[in-house]
Colleague: 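Sharing a structure below in structure tokens format, with a few things to ask.
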Amino acid sequence: MKFLIEIIEQSLESAVADYGVSDTWKSALGPSREKGQADVTLPCFVIAKELKRNPMEIASELAEKVNGEFHVSATGGYLNFKANAEWLVDKVLKWEKPSPNNQILIEHTSANPNGPFHVGRARNAILGDSLVRLHRLYGNKVRAEYYVDDMGKQVAVLAWALENLSKEMVNQILSDRDGMNPKWEGKPDHETVRWYQAAQALRSENNQEIEDAISKLVHDSENGNDDVLQQFENAYKPVLDGMLETLSRLGIGFDTFTKESKFVVDGSVSTLMDELSSLEINGIAENGAQYLDLGQRGLKGKTEFFYRRGDGSSLYATRDIAYHIWKWSQTDHLINVLGEDHKLQAKQVGLTLKELGHEVPEVLFYAFIKLPEGKMSTRKGNVVFMDDLLEEAKFHAAEVVRELRTDLSEEQINHIAEAVGVSAVRFNITKVSPDKGFTFRWEEALSFEGGSAPFVMYSHTRACSIANKVGKDANLESRGEIIDSVYELARSMGVFQDKLEISVLDNKPHIFANYLLELATAYNAFYRDCHILTSDGLNEFYYALSEKARYMLGIGMEGIGVIPLEEM
RNA sequence: GGCCCUAUAGUGUAGCCUGGAUAUCACAGUGGCUUGCGGAGCCACGAACCCGUGUUCGAAUCGCGGUGGGGCCGCCA
């Protein structure tokens, strides 16, 4: 509760000054560990140590000296502060979201356009989009960008397959695998990925002719051959469209798409390579390939970072550096969302950017989602497609809605089930800390109980229902008796800004997701204890709180892509 | 083999940087709550710091050594 800490610090300032100790106590003043006892706590051990006195005495003395819009108590060396109820409620009802309005570019997803999204790849998109949304909620100006990998081996394989394999051949090559879900017939990412998989199967048989053909395509594309790049685009574009359709269902969209080939075609890659070759840490291999010795800049392990092949062409990482230099020309602040397999690469790119005098982007790394039987692979085909998961989630949600709401039409049920399904899928991925891996389990992904999106959605819906019944705006100036559950709700609402800030500044959407569960819980208890509409009429104070909570729940849910419904 | 990430109740999660109170919150579990603004709810109760060791008055937090899980170590992307 930052606004509480501020006034406490002011008040403590003079009291502590009497002791003549250093300022280190300020960093110790923070959110209380014992939530039941206090909002903010100052452990007095540091001060006591400096004075060589008993911390319990210090705490008691300080408790006598400070005063403000809070209750203070000293227990066992701790100075505990609890916000004054009236003051806190006033703060909360008057809260408005601030607008730092920083320019920021977030690049996320950027998946190779060679097949449908599976749950593993989707973690990037869901985390990235949550970051985009949370930054916007925080008041920043965000541009969401997708880096289209329109060259290189993956696309080459796809383009080769589409050029050289008939549908019959593909079906035959993949005859030992599960067929395509008929539901996705005609959806280009699902259709086309089979060509990709068939080609990969053929390649695993060590067919030199195919390898040569693909290599030629790769090199032509890397040299900026227009015809080949066009052939690639024809191959991947429909796949990308199919992928974007899935993302759009998840509420994920982009402001700009930038093609990797752009930096080859416009010459910036070759300019970059010349620039790199003049650096003092540049090295040249026997066949003319060039690298930077990043060991001299502190990189451990493999220290040679190759950016130019023996034949003079660029590598993926080289183009990534050119891309980053361009990105820095577009924005003041940069965040990338990357899988943990890109850690080394990101380190190399970062060190190189630094060497060139550029800044290093912030990166949100995430661990992979695996299946109980092992990791997912588009190439091998052992994946859970996001399209399938969304369908299952919707189906499951519809069953629940149909049971609970016999008064609704199928059309309404369909609408609600879609929102619930999408929200639940997103929430279940968002609530987990990005740097922890997890195993995908159907029963968990489809669980709408517990700490899931529908729980939050339901609280919001209740608040909407009340607002509809009242039928007018709340008067946020209204005040009234503050009983326990009102106070607890106000405490929860009071940390909205703190939780948002932590999530945004530390790139941790899961913190905010977990917070929304708390806020919803607090609202539910308030809802039970504090009737807004009674036989005596409308309780204006409770209604004001309910409306502010509804507002916070609503914008909070949108901040992580959970859809706020008025009815469910 | 080397480097990096990770480990907190059945599950997810906070706290770790900057050592200090009975370790946060939520779900699941068990027991309770139907004349109630929507019961997808509410209340109560059990339940955790990976192991060892060192430093310290005091360690989830710091050091050292292990173990489990994940990732990387291509002139691939």
Side-chain angles (χ1 to χ4, degrees), chain A residues 24 27-28 30-37 41 43-46 48-49 55 75-78 80 112 149 151-156 218 260 285 287-291 299-304 306-311 313 315-317 319-320 339-345 347 365 367-368 370 375 397 400-401 403-405 420 428 431-433 435-439 444 447-452 454-459 461-470 485 492 502 510-511 513-518 520-521 524-525 527-534 538-539 542-543 546 567-568:
Chain A
T24 47
S27 60
S32 188
R33 183 166 120 179
E34 305 288 314
K35 298 285 188 260
Q37 294 194 39
T41 293
C44 298
F45 300 92
V46 184
K49 197 170 204 171
T75 44
Y78 293 88
N80 284 323
N112 280 323
D149 186 6
M151 51 196 304
K153 199 164 269 178
Q154 310 248 19
V155 199
V218 171
E260 187 180 341
N287 66 348
Q290 288 179 286
Y291 60 88
L299 186 67
K300 292 178 183 170
K302 197 198 157 167
T303 61
E304 294 169 344
F306 279 89
Y307 63 88
R308 174 139 60 187
R309 288 201 187 91
D311 67 0
S313 63
L315 287 112
Y316 173 81
R319 301 187 294 267
D320 201 23
E340 61 178 343
D341 55 336
H342 279 67
K343 275 186 179 172
L344 175 59
Q345 151 108 3
K347 186 88 188 158
F365 290 108
F368 294 122
K370 59 177 185 177
K375 64 190 238 180
V400 178
V401 179
E403 198 173 309
L404 262 35
R405 298 291 305 271
V420 169
N428 284 335
K431 74 174 179 187
V432 179
S433 172
D435 42 27
K436 292 182 188 173
F438 72 89
T439 304
E444 284 172 18
S447 166
F448 298 158
E449 297 167 4
S452 72
F455 176 85
V456 181
M457 296 170 78
Y458 188 68
S459 297
T461 301
R462 280 174 152 174
C464 287
S465 176
I466 289 169
N468 285 333
K469 282 207 168 74
V470 174
S485 47
S492 275
I502 291 168
H510 74 281
I511 301 263
N514 281 286
Y515 163 68
L516 283 182
L517 292 172
E518 285 176 38
T521 301
N524 287 341
Y527 171 89
R528 180 206 56 219
D529 291 342
C530 306
H531 284 213
I532 292 158
L533 287 162
T534 63
L538 175 67
N539 183 319
Y542 290 165
Y543 183 50
S546 176
E567 203 184 7
M568 63 187 281

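Proteins get letters first, then strands, A, B, ... in listed order; numbering begins at 1 in each.
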Colleague: In Watson-Crick or G-U wobble terms, both distances under 3.5 Å, what is the partner of B/G74?
Modeller: none
Colleague: Assess, by modelled atom type and distance only, whether the side chains of A/T534 and A/N539 contain a donor and an acceptor separated by less than 3.5 Å.
Modeller: no
Colleague: Mind checking if A/T41 touches a base, just sugar-phosphate, or nothing, with heavy atoms under 4.0 Å?
Modeller: base
Colleague: Does A/R33 put a side-chain nitrogen or oxygen below 4.0 Å from OP1 or OP2 of B/U22?
Modeller: no
Colleague: Considering residues, nucleotides and ligands other than A/K300, do more than 12 of their heavy atoms fall under 6.0 Å from its NZ?
Modeller: no
Colleague: Check this for me: does the side-chain of A/N80 come within 3.5 Å of the base of B/A21 through a donor and an acceptor?
Modeller: yes
Colleague: Would you classify A/V155 as touching base, sugar-phosphate or nothing, given that sugar-phosphate means primed atoms plus P, OP1 and OP2, and contacts are heavy atoms under 4.0 Å?
Modeller: nothing
Colleague: Examine the base of B/A40 for any acceptor or donor lying under 3.5 Å from a partner atom in the side chain of A/T461, and report the outcome as yes or no.
Modeller: no
Colleague: Could you measure between the two P atoms, the one in B/G70 and the one in B/G38, and give it in whole Å?
Modeller: 49 Å
Colleague: Assign A/F368 to base, sugar-phosphate, or nothing according to its heavy-atom contacts below 4.0 angstrom with the strands shown.
Modeller: sugar-phosphate
Colleague: What does A/E444 touch in the nucleic acid at a heavy-atom separation under 4.0 angstrom: a base, only the sugar-phosphate, or nothing?
Modeller: nothing
Colleague: Please state whether the phosphate of B/C75, meaning OP1 or OP2, lies under 4.0 angstrom from any side-chain nitrogen or oxygen of A/K302.
Modeller: yes
Colleague: Tell me which of A/D435 and A/S32 sits closer to the 5' end of RNA chain B, going by the nucleotide each one is nearest to.
Modeller: A/D435
Colleague: Rounded to whole angstrom, note down the C1' distance from B/A26 over to B/U13.
Modeller: 8 Å
Colleague: Quick one: is A/R319 getting a side-chain N or O under 4.0 Å of the B/A77 phosphate, OP1 or OP2?
Modeller: yes
Colleague: For B/C57, does either OP1 or OP2 sit under 4.0 Å from a side-chain N or O belonging to A/K49?
Modeller: no
Colleague: Pick base, sugar-phosphate or nothing for A/C530, based on heavy-atom distances below 4.0 Å to the nucleic acid.
Modeller: base
Colleague: In whole Å, what separates the C1' atom of B/C16 from that of B/A7?
Modeller: 13 Å
Colleague: Taking atom C1' in both B/C17 and B/G29, compute the distance separating them and give it to the nearest angstrom.
Modeller: 36 Å
Colleague: On the side chain of A/D311, is there an atom forming a donor-acceptor pair with the base of B/C75 - under 3.5 Å, no angle test?
Modeller: no
Colleague: How close or far is atom C1' of B/G2 from atom CG of A/L299, stated in whole angstroms?
Modeller: 12 Å
Colleague: It should be established whether A/K436 places a side-chain nitrogen or oxygen under 4.0 Å from OP1 or OP2 of nucleotide B/U13.
Modeller: yes
Colleague: Looking at every strand, decide which applies to A/T521 at a 4.0 Å heavy-atom threshold: base, sugar-phosphate, or nothing.
Modeller: sugar-phosphate
Colleague: Should the ring pair A/Y291 and A/F306 be called parallel, tilted or perpendicular, given that the plane angle runs from 0 to 90° and is split at 30 and 60?
Modeller: tilted
Colleague: How is A/A285 classified with respect to the nucleic acid when contacts are heavy atoms under 4.0 Å: base, sugar-phosphate, or nothing?
Modeller: base
Colleague: Distance between the P atoms of B/G68 and B/C51, in whole angstroms?
Modeller: 15 Å
Colleague: Nearest heavy atom decides the nucleotide; on that basis, is A/S433 or A/K35 closer to the 5' end of RNA chain B?
Modeller: A/S433
Colleague: Roughly how many Å is it from NZ in A/K431 to P in B/C27, rounded to a whole number?
Modeller: 11 Å
Colleague: Please state whether the phosphate of B/A77, meaning OP1 or OP2, lies under 4.0 angstrom from any side-chain nitrogen or oxygen of A/H342.
Modeller: no
Colleague: Look at all strands and tell whether A/I511 reaches a base, only sugar-phosphate, or nothing, counting heavy atoms closer than 4.0 Å.
Modeller: sugar-phosphate
Colleague: Return no unless some side-chain N or O of A/Y316 is found under 4.0 Å from OP1 or OP2 of B/A77.
Modeller: no
Colleague: When the distance from OH of A/Y291 to C1' of B/C73 is rounded to whole Å, what number comes out?
Modeller: 17 Å
Colleague: A/L315 near the nucleic acid: base, sugar-phosphate alone, or nothing, with a heavy-atom cut-off under 4.0 Å?
Modeller: sugar-phosphate
Colleague: B/A28 and B/G46: how far apart are their C1' atoms, nearest whole angstrom?
Modeller: 13 Å
Colleague: Between B/U30 and B/G71, how far apart are the C1' atoms? Round to whole Å, please.
Modeller: 40 Å
Colleague: Which whole-number value in Å describes the distance from A/Q37 CD to B/A23 P?
Modeller: 11 Å
Colleague: If I pick the C1' atom on B/C49 and the same atom on B/A44, what distance separates them, to the nearest angstrom?
Modeller: 26 Å
